[in-house]
Structures are given as structure tokens and as C-alpha cells.
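These numbers come from the heavy atoms of this one structure, side chains and all, not from hydrogens, waters or symmetry mates. Quick note: residue numbers are just sequence positions, from 1. As the structure is a computational prediction, the values presented were derived from the model and not from experiment.
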Amino acid sequence: MSGSLIARKEFGDALRTRTLRLVSAVFALLVVGDAYLYTLQSYHTGSTADVVLHFVPAARALVPLVGLAVGYRAVVGERASGSIKILLGLPHSRRDVVRGKLLGRCVVVALPLLASFALAAALVATQYEGFALVPFAGFVLLTLLLGVAFVALGVGVSAATATPRRAAAAAVGAFALVELFWGALANLVGYVVTGSASMTYPLPAWAYFVQRLSPTGAYEGLVRALVSRGTVQLAGGGPAPAYLSPWVALLVVLAWAAVPLAVGAWRFRNADL
């Protein structure tokens with residue numbers, strides 16, 4: 001119950017500080033704007049798979065960035081202002097604080113994300129008869145899961161660090177790792193395994209697996225499984241191994257949320273405030 005009280009406080013604070021309105025404006029501008037640009041391109045088919053795959057690159061970049069930006073000051077901001085002592089002076093445990101911060105910040109990301117994609121779907125549906133809402137809703141739920149994972153990562157970073165500057169640096173580093181450097185890491189693994197500095201599609205199974213060990217790579221694997229019924233084209237053909245199943249990709253996304261959050265909660269529980 002204490003965690004839900006803190007979550008409600010977080011949501012109220014987001015309204016007062018315009019955080020929710022800012023996140024809503026970012027999602028509306030980029031998601032609905034991207035949907036409008038989609039309808040202007042004559043080469044698009046309007047099928048659900050085509051619409052979903054059009055949104056994936058923007059979602060991969062935007063949702064992690066927003067999730068980390070919303071989450072990284074959740075706990076450490078209270079420590080920096082000194083209000084954490086007041087919060088813990090009430091009948092709240094440190095675990096309640098982390099849990100409540102997570103729930104409240106997830107709502108701040110979830111509401112604008114769902115509203116923006118609902119508007120985008122309505123815009124596309126008015127232009128294309130072949131667009132189906134149910135599979136698109138599955139894509140939106142997977143995107144929401146990605147957002148929750150990065151909010152959890154941000155809150156975990158916030159709970160684990162002592163100053164907002166360190167939390168910001170860790171959040172920037174996490175974003176750079178999964179969005180900028182993971183591809184280079186996959187290429188490095190490919191070079192070690194094959195001796196070649198470049199690989200072409202279709203990739204061998206292990207290369208897909210390395211890509212899907214990042215949260216955004218796992219998310220894209222889940223989305224592609226949703227719109228293509230799980231098929232993966234492998235170099236040399238043949239069926240995809242079990243470690244490329246959507247269930248494994250789902251576990252990867254959940255692990256990126258759970259592990260940093262657990263580490264952050266543990267460090268915060270033992271921190272000298």
C-alpha cells in the first residue's frame with residue numbers, strides 16, 4: 001500500500017512539474033507525426049506489418065530515451081534535495097520508495113505512449129483498409145513493455161547512485177551501450193568468430209542471438225515475430241534454434257528491467273543517507 005501511495009505522489013508531482021505534459025508532447029509530435037508522414041508516402045502498403053515495421057526504428061530510439069529520462073532522477077533526486085529523509089520518516093520502507101517510484105514513473109510514460117499510438121492508429125486506419133488494429137495493439141503493448149523496462153533501468157540507476165550527476169552519466173552510458181555500441185559489439189563478436197569485419201543478411205543464428213541480448217534488439221525480435229509469425233531467415237537456411245524464440249527475447253527484455261532495478265534497490269537499502 002505504501003508503494004501505491006508513493007506512486008500517486010509521483011504522478012501528482014509529474015503533473016505539477018509539467019513532466020507528463022512534456023512527455024505527452026514528445027510522443028504526440030514524433031509518433032503521430034510519423035504516422036502522418038507514413039500516409040503521405042505512396043510506396044507504403046498500409047498493411048499492419050508494413051505500419052509496424054515503419055514505427056520500429058523510431059520506437060527503438062525514442063522509448064528508451066524517454067524511459068531513462070523519466071526514471072534516472074526518481075530516487076537520487078529525493079536524496080539530493082533532502083526530501084528522502086522526510087519520505088522515509090513516514091511509514092515507508094526503502095523498498096516501498098523504489099517500488100512506488102517505479103510505478104509512478106511507468107504511468108508517466110505509459111499514458112502518453114498509449115494515447116499517441118492510439119491517435120496514430122486512428123490516422124492510419126482512416127487511410128488504409130488493410131490495416132488491422134488487433135495486431136497493431138500487440139505491437140503497442142510490446143513497445144509499452146520496452147518503455148517499462150527502461151523506466152525500471154532508470155529507476156535502478158537512480159537508486160544505485162548518490163548524486164544526480166552520476167545518475168545522469170550512468171543513464172547516458174546505458175543508452176549509448178544499447179543504442180550506439182551494441183551493434184559494434186555484435187560486429188566484434190562476428191569478427192572473432194568468422195575472421196570477417198562485416199556480415200551480410202541473412203545472418204547465422206548466433207549473430208541474431210548477440211543482437212537480441214540488448215533490450216532494443218530483443219524488442220525488435222519480438223515485434224518481427226509478431227508480424228511475421230516468428231520466422232527468422234538464417235544463413236544456410238534451416239529452422240531457427242530455440243534460443244531465437246520470442247520467449248527468450250521476452251526474458252531478455254524482462255531481465256534488463258529486473259536486474260538493474262534489483263541491484264539499485266539493494267544498494268539503496270544499504271546506502272548511508
Run the side-chain donor-acceptor check on residues 153-171: report pairs under 3.5 Å with partners two or more places apart or on a different chain.
{"unit_1": "Ser158", "atom_1": "OG", "unit_2": "Tyr72", "atom_2": "O", "d": "3.0"}
{"unit_1": "Ser158", "atom_1": "OG", "unit_2": "Ala74", "atom_2": "N", "d": "3.2"}
{"unit_1": "Ser158", "atom_1": "OG", "unit_2": "Val75", "atom_2": "N", "d": "2.7"}
{"unit_1": "Ser158", "atom_1": "OG", "unit_2": "Val76", "atom_2": "N", "d": "2.8"}
{"unit_1": "Thr161", "atom_1": "OG1", "unit_2": "Val157", "atom_2": "O", "d": "2.9"}
{"unit_1": "Thr163", "atom_1": "OG1", "unit_2": "Arg166", "atom_2": "N", "d": "3.3"}

Indicate the atoms forming the closest heavy-atom contact of [X] with [Y], along with that distance.
{"X": "His54", "Y": "Asp34", "answer": "NE2-OD1, 3.0 Å"}
{"X": "Ser116", "Y": "Ser24", "answer": "OG-O, 4.4 Å"}
{"X": "Arg79", "Y": "Phe268", "answer": "CD-CE1, 4.2 Å"}
{"X": "Arg105", "Y": "Val70", "answer": "NH1-O, 2.7 Å"}

List the atom pairs, with distances to 0.1 Å, where a side-chain N or O of residues 123-134 and a protein N or O form a donor-acceptor pair under 3.5 Å, not counting sequence neighbours.
{"unit_1": "Thr126", "atom_1": "OG1", "unit_2": "Leu123", "atom_2": "O", "d": "2.7"}

(message) Holding to ring pair (Phe, Tyr, Trp, His ring centres under 6.0 Å), I want the full list of residues that pass it with Phe175, two or more places apart in sequence or in another chain.
(response) none

(request) Among Arg94, Arg73, Lys101, find the residue that satisfies the salt bridge (Lys or Arg N to Asp or Glu O under 4.0 Å) test when tested with Glu78. (result) Lys101

(request) Can you establish whether the number of heavy atoms outside Arg269 located under 6.0 Å from its atom CZ is more than 12? (result)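 Yes, because the 6.0 Å sphere around CZ of Arg269 holds more than 12 heavy atoms from other groups.
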
(request) Check the surroundings of atom OH in Tyr36: do more than 12 heavy atoms from other residues, nucleotides or ligands lie under 6.0 Å from it? (result)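 Result for OH/Tyr36: open.
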
(message) Please tell me whether Val253 and Tyr243 are part of a single hydrophobic cluster in this structure, the criterion being side-chain heavy atoms less than 4.5 Å apart.
(response)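 Yes, because Val253 and Tyr243 connect within a single hydrophobic cluster, where side-chain heavy atoms sit under 4.5 Å apart.
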
(message) Pair Ser93, Asp96 - check side chain to side chain donor-acceptor pair (under 3.5 Å), show working.
(response) CA-CA 5 Å; Ser93 67; Asp96 290 333; 3.1 Å; yes

(request) Could you name each residue pair satisfying salt bridge (Lys or Arg N to Asp or Glu O under 4.0 Å) that touches residues 113-126, not counting sequence neighbours? (result) none

(request) Mind checking the OG1-CG spacing from Thr39 to Leu37? Nearest 0.5 Å is all I need. (result)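 Thr39 atom OG1 to Leu37 atom CG measures 7.5 Å (nearest 0.5 Å).
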
(request) State, yes or no, whether a side-chain contact exists between Val223 and Val52 at a heavy-atom distance under 4.5 Å. (result)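 Answer yes - side chains close enough.
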
(message) Which Ile, Leu, Val, Met, Phe, Trp or Tyr residues join Leu119 in one cluster when any pair of side-chain heavy atoms under 4.5 Å counts as a link?
(response)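 Its cluster partners, ordered by chain and number, are Val32.
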
Could you pull out all donor-acceptor pairs under 3.5 Å where a side-chain atom in residues 142-152 meets a protein atom, sequence neighbours excluded?
{"unit_1": "Thr143", "atom_1": "OG1", "unit_2": "Phe139", "atom_2": "O", "d": "2.9"}
{"unit_1": "Thr143", "atom_1": "OG1", "unit_2": "Tyr219", "atom_2": "OH", "d": "2.8"}

